[in-house]
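Take this structure, written in structure tokens, and hold onto it; I'll ask about it next.
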Number of protein chains: 2
Amino acid sequence: MASPSAAHAVQPLSLDRLKTACSTCGLRELCLPVGLSGEELDRLDNLIYLRKSIKKGTSIYRAGERFDALYAVRAGFFKTTVLLEDGRDQVTGFYMGGELLGMDGIGTEKHTCDAVALEDSEVCIIPFGRLEELSREMHNLQHHFHKVMSREIVRDHGVMMLLGSMRAEERLAAFLVNLSQRFLARGYSPSEFYLRMTREEIGSYLGLKLETVSRVFSRFQDEGMLSVQQKHVRIIDIPRLRALMGQRPC
Amino acid sequence: MASPSAAHAVQPLSLDRLKTACSTCGLRELCLPVGLSGEELDRLDNLIYLRKSIKKGTSIYRAGERFDALYAVRAGFFKTTVLLEDGRDQVTGFYMGGELLGMDGIGTEKHTCDAVALEDSEVCIIPFGRLEELSREMHNLQHHFHKVMSREIVRDHGVMMLLGSMRAEERLAAFLVNLSQRFLARGYSPSEFYLRMTREEIGSYLGLKLETVSRVFSRFQDEGMLSVQQKHVRIIDIPRLRALMGQRPC
DNA sequence: CGCGCTGTTGAAACTTGTCAAAGTTTGTGG
DNA sequence: CCACAAACTTTGACAAGTTTCAACAGCGCG
């Protein structure tokens, strides 16, 4: 029953303010501010003035806790997991810079999953009531927020597709291609990166056992598609990975 | 390349108006109007004045088509399917009275799946731009719409859970219990109903082959949990079904 | 009334899971 | 800073669950 919330302080942005405001954030083209004008950005800055450090292994929120804010990943890496009543749990998503966490909680006013940091991370707190308020006044913000939620639904459909009709190799290929694209969009190398999650977490997300994940990694390596050493991955042949997952190579 | 849209007319609600308005719709407690006051309902009625009949086997929209409206199921039954580039497709959801279709399209302005009627059906057309407009003025509507989207996300997480960590029996049990609850919420018998979908569609949704679905149905019947004859299902032992899917019996 | 779609069932094949053991890395405390 | 423990990863052999292929039955639409 660890209470991780107590471990890391919520800090207002006092002097740091300029550096941490949405208007100067490096992730603003990926995050909630997309498409806002200068003046609109200022109003959003006014709303999102709290951030929170989350130490590796601790959570932003847990299933069952009251929902009252969304969280934008400012730095770091997260997973969300849902727990079945019989103790089984499953990773439902991985989240990186600029992505929004917590939308699962809107429907019932309670979070339905845990959001756990896979490395020391930082999130911006977006009080949901005020976001709704502001989006009643700002057409652009409202529409963009709807887009973000919609994309979350589409993303989930992609995962359902993967879980429902792909074989192990295809699942891992799809997973790697997806990660690769997201790193690219953030200015990192799409072909070489460190996995922040364990084989077990990958497996849980992909509906596979960790041994299967490990075996498929080895097979990919044997076939010259990539090189893996523990968490370090270098993708050598992206077109072939794409072909594997049933997509056209380009 | 069938163009099913042409086959069924879009009809304004002229004289029929009173009977089809949200304010008098039997599904209003399950649908978009939840929580609206009388005056607010009137304004929503003003927005949702078109409905459309969808013949069995035809679609409301298809992947790739321009998105500009959501659809509320007024009567009937739908599935949504996504298509992989290599031709494989998968059912991502089943939708019945009062449920909203089309939210996948908001993010990209294009639909990402097909919405196909499994029986002759009718939907109400909700022009999305006007819904956003109205929800900027009506707090309740805005919040409820966000809840609906959020619940779609949570529902998808449930399916991911099912696909990622349940065995065939557990998946079918979860599917049946879910259907049962939704029928109950609509005033139908939770223990006896007709499946509108084929074994193949159930299998696609559950990540199983149709033969497996059929076998599991037979096994459930042999064990006295239910009786099936083709599409007619009578659930005899719901607690045992719930237990199977890893939930407490009540 | 028959043809086609849908559903059922069996046997064999295949993919993935399970169990086990050993190697590797990471983190912690002395 | 080293040593040891814990966590993570890899690999093998075998088991189990699901799919595949095939044959046949039943229902329903035209």
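Per chain, numbering begins at 1; letters A, B, ... match sequence-line order. Quick note: numbers below take in every heavy atom, side chains included, and nothing from hydrogens, waters or symmetry partners.
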Inset, instruction - Could you list the residues that satisfy side chain to side chain contact (heavy atoms under 4.5 Å, CB included) with B/Asn178, not counting sequence neighbours? - result: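 By the side chain to side chain contact (heavy atoms under 4.5 Å, CB included) rule, B/Asn178 matches B/Arg182.
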Inset, instruction - Return the value, rounded to whole Å, for the distance between atom CZ of B/Arg196 and atom P of C/dT6. - result: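 These atoms are roughly 17 Å apart.
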Inset, instruction - Looking only at side-chain atoms of B/Ser218, point me to the closest of D/dT18, C/dT9, C/dT16. - result: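 It is C/dT9.
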Inset, instruction - Report yes if the side chains of A/Gln90 and A/Leu84 come closer than 4.5 Å at any heavy-atom pair, otherwise no. - result: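 They are not in side-chain contact.
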Legend entry - Under the side chain to side chain contact (heavy atoms under 4.5 Å, CB included) test, residues paired with B/Val91 that sit two or more places apart: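 Only B/Lys79, B/Thr81, B/Phe94, B/Glu201, B/Ser204, B/Tyr205 meet the side chain to side chain contact (heavy atoms under 4.5 Å, CB included) criterion with B/Val91.
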Enumerate all atom pairs, one protein N or O and one N or O from nucleotides 13-15 of chain D, separated by less than 3.5 Å.
| from | atom 1 | to | atom 2 | distance (Å) |
| --- | --- | --- | --- | --- |
| D/dA13 | N6 | A/Arg215 | NH2 | 3.4 |

Inset, instruction - Can you tell me the distance, in whole Å, between the CD1 atom of A/Ile202 and the P atom of D/dC8? - result: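 Value for this atom pair: 12 Å.
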Legend entry - Close approaches to DNA chain D from residues 203-211 of chain A, in residue order (heavy atom, under 4.0 Å):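 Within this stretch, A/Leu210, A/Glu211 sit under 4.0 Å of the strand.
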Inset, instruction - Mind calculating the distance between CZ (A/Phe220) and C1' (D/dT11) to the nearest angstrom? - result: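 It is 18 Å, rounded to the nearest whole Å.
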Would you give me the side-chain donor-acceptor pairs under 3.5 Å for residues 110-118 of chain B, sequence neighbours excluded?
| from | atom 1 | to | atom 2 | distance (Å) |
| --- | --- | --- | --- | --- |
| B/Thr112 | OG1 | B/Asp104 | OD2 | 3.1 |
| B/Asp114 | OD1 | B/Ala63 | N | 2.7 |

Below 3.5 Å between N/O atoms, which protein atoms pair up with nucleotides 23-30 of chain D? Just atom names and distances, please.
none

Legend entry - Partner residues of A/Tyr95 under the side chain to side chain donor-acceptor pair (under 3.5 Å) criterion, sequence neighbours left out: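 Result, side chain to side chain donor-acceptor pair (under 3.5 Å) vs A/Tyr95: A/Glu152.
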Inset, instruction - Would you mind reading off the distance between A/Arg199 atom CZ and D/dT11 atom P, rounded to a whole angstrom? - result: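 So the two atoms are 10 Å apart, to the nearest Å.
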Inset, instruction - Taking side chain to side chain donor-acceptor pair (under 3.5 Å) as the test, write out the residues that go with B/Ser191, two or more places apart. - result: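 Once residues adjacent in sequence are excluded, the partners of B/Ser191 under the side chain to side chain donor-acceptor pair (under 3.5 Å) criterion are B/Ser189.
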Legend entry - salt bridge (Lys or Arg N to Asp or Glu O under 4.0 Å) pairs, two or more places apart, involving residues 183-192 of chain B: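 Listed once each, the pairs are B/Glu99-B/Arg186.
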Legend entry - Sequence-distant partners of B/Asp237, side chain to side chain donor-acceptor pair (under 3.5 Å), two or more places apart: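 By the side chain to side chain donor-acceptor pair (under 3.5 Å) rule, B/Asp237 matches B/Arg240.
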Legend entry - Options C/dG7, D/dT19, D/dT10, nucleotide nearest the side-chain atoms of A/Ser214: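 Given the options C/dG7, D/dT19, D/dT10, the side chain of A/Ser214 is closest to D/dT10.
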Legend entry - Residue mapping more 5' on DNA chain D - nearest nucleotide basis, B/Ala168 or A/Gln229: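 Nearest-nucleotide comparison on DNA chain D picks A/Gln229.
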Inset, instruction - Five pairs at each end of the helix from C/dC1-D/dG30 to C/dG30-D/dC1: take the axis at both ends and give me the angle between them to 10°. - result: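 Computed angle between terminal axes is 50°.
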Inset, instruction - If a pair satisfies side chain to side chain donor-acceptor pair (under 3.5 Å) and one of its residues is in residues 215-227 of chain B, list it, with sequence neighbours excluded. - result: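 Listed by first then second residue: B/Glu169-B/Arg219.
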Legend entry - Whole-Å gap separating C1' (C/dT16) and CZ (A/Phe217):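 Roughly 17 Å, once rounded to whole Å.
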Legend entry - Atom-pair distance (CE on A/Met166; P on C/dT16), nearest Å: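 It is 13 Å, rounded to the nearest whole Å.
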